[in-house]
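What follows is a single structure, written as structure tokens, with notes after it.
So that the names make sense, note that chain A is the first sequence line, chain B the second, and so on, each numbered from 1.
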Amino acid sequence: MPEALIQVENLSRYYQNHRAVNRLSFTLCAGEVLGFLGPNGAGKSTTMQVISGNLAPSEGEVKIAGHDIIDAPREAKRHLGYLPEHPPLYRDASVDEYLGYCARLHCIARPAVATALAKVKAQCGLEASGRRLIGNLSKGYQQRVGIAQAIIHDPPVVILDEPTVGLDPIQIREIRELIRSLGSERSVILSTHILSEVQATCDRVQIIRAGELIYNASTESLNQRHEVSFKIALRKAVDLAELSAIADVDHAEVLGDGRFRLIFAQDATPDALVASAAQLQWGLYELIPEQQSLEDLFIELTQDEEAGKA
Amino acid sequence: MIWIIARREFGAMFLAPLAWVILAVIQIILGYMFLTNLDNFFLLQPQLLQLQNTPGVTDIVIAPLMQVAAIILLMVMPLLTMRSIAEEKRNRSLTLLISAPLGMTEIVLGKFFGLMLFVLVLVSMLMLMPLSLYLGTTPDGGKLLSIFLGMLLLLGAFSAIGLYLSSLTENQTIAAVGSFGILLMLWIIDWLSESVSSGQSLLAYLSLLQHHESLLEGVFDSSDIAYYLLLITAFLGLTIRQLDRERLL
């Protein structure tokens, strides 16, 4: 097993009497991109602030590359790049000045600053903006500067809190590519509301709710785990029982208007369905594979809570 | 590391017009006062010649000038210190410093020395006026040095107090008003000492400007130096404690 770069154990965090994070434990290995999901107020940002050393944990411990964030904060922070929810920018500085300052703060020697700056600007698409004032940049470019700030010292662990907020679709795609490229050599924790983003960029998903970890799986297994379901539309009226009788069909339900949802057994293909549809002339004109998406899972898991409360 | 932060703080001050305006206004007002004092000195000169053990040009022109400078700066320094931490809190850019491999002490000292660099520029510009006297006469060099040191220590104390107030709030105005209040209080605290007999010396000891006066007279008393150094250390310590505490809330 590869070395764990982030190790969170039994982490709890209280704000006065309100418990924002409750006994959270997880580890993150090198080269892994972890998606952090949760409804608003679930404790995502709090967790990230604790990992980055901006908030002290009430209980539990956080280790970054083996260094405890409380006992050896300097060593731990040296291995960490952090983009908070609000990028910590100086609006009155130019991009070059700001990034140069960040580089120096992260112990990059003066002669190496220029190369680090050029590299990170190329990575984040900021080549043309070096002399512009950060305050005059658009939200998307400010966000890029924020990401550049987090990776300028080449940290093995990068924490990004909602990095794609306020970006346009093209920028979002670019940032996702950037995150994926980061993930090839580093560990990345990414929090977001956008579920498709997690499916597109992350190796692993964690859903937290009310400060507790309720789901933790790789995105690959997420795609495999669920049954294959198809939405079909038929011209001819067909009995539900007839559909259920087809080989490999586990379950069928009526959607109305000649449409049905068929749920197949694991790894099954709708061959038998197509064959019988042709044979019995059902007039099959739509066959749409439905994958149970992260969104369904997310809603399912978070609505459990609503139900539990009621 | 402290130096990196201090340089950035110092540079950032000049990105806004405030620092330039403050330097210009103080220089103009004190320049005018300097000329008035000099004029008075010329009027007094014939009488001074008849006295024995007369006060020199440093005592008549420079010391009163610096006394006024101290009072003006008491009102001006809160404006300079108010933004240093409060603004970062409001912009949430303090995260940058906290996430970097730095201790709180380094952050606070960096901010403090950034302010001190500005103070150094300011006091050096003020000292140009007494130094210009070398063109026509010979002021007391030792006294000038003592005055220079006194100004640095006094403004250092102003900065440390302002920095602490700035760390308490996100609102710059509150930081400015608060530190102005404390500075003013520390100035007038010895006014009472003349009418109150008990605790008289304590109140006088606490007064910011009391200690400044002896340095202006060229009396280099280590207890005055200790007073300022203690005050600076205490308020910087409070600032560090305050920022550390915020991580726990």
**Request:** Measure the spacing between CZ of R13(A) and CG of L248(B) and express it to the nearest 0.5 Å.
**Result:** 7.0 Å

**Engaged part of E75(A) at the chain B interface, taking heavy atoms whose separation is under 4.5 Å** = neither

**Prompt:** Quick one: what part of L89(A) sits under 4.5 Å from any heavy atom of chain B, side chain, backbone, both or neither?
**Reply:** backbone

**Message:** Are there over 12 heavy-atom neighbours, none belonging to R180(A), within less than 6.0 Å of that residue's CZ?
**Reply:** yes

**Prompt:** Do any pairs count as a ring-ring contact (aromatic ring centres under 6.0 Å, His included) and have a residue in residues 159-183 of chain B, sequence neighbours left out, and if so which ones?
**Reply:** Y164(B)-F235(B)

**Asked** If you check every heavy atom in residues 130-141 of chain A against those of chain B, which residues fall under 4.5 Å?
**Response** none

**Asked** Got a second to check how far L105(A)'s CG is from E106(B)'s CD, nearest 0.5 Å?
**Response** 10.0 Å

**Asked** So, for P101(B) and C107(A), which heavy atoms are closest and what is the spacing to 0.1 Å?
**Response** CG-SG, 4.0 Å

**Request:** Would you name the heavy atoms of G53(A) and R247(B) that are closest together and state the gap between them?
**Result:** O-NH1, 3.2 Å

**Item:** Straight-line distance of S99(B) OG to Q149(A) CD, nearest 0.5 Å
**Value:** 7.0 Å

**Minimum heavy-atom distance between A93(A) and R8(B), given as atom pair plus value** = CB-NH1, 3.7 Å

**Contact leader toward chain A among L94(B), N91(B), D244(B), L102(B), where contacts are heavy-atom pairs under 4.5 Å** = L102(B)

**Request:** Measure the spacing between OG1 of T95(B) and NE2 of H86(A) and express it to the nearest 0.5 Å.
**Result:** 9.0 Å

**Asked** Between E88(B) and chain A, which part of the residue has a heavy atom less than 4.5 Å away: side chain, backbone, both or neither?
**Response** side chain

**Part of P73(A) within contact of chain B (heavy atom distance under 4.5 Å)** = neither

**Complete:** Rounded to the nearest 0.5 Å, the CD1 atom of I4(B) sits from the SG atom of C102(A) at a distance of 11.5 Å

**Contact origin within L15(B) toward chain A - heavy atom pairs under 4.5 Å** = side chain

**Message:** Return the CZ to CZ distance between R104(A) and R7(B), rounded to the nearest 0.5 Å.
**Reply:** 7.0 Å

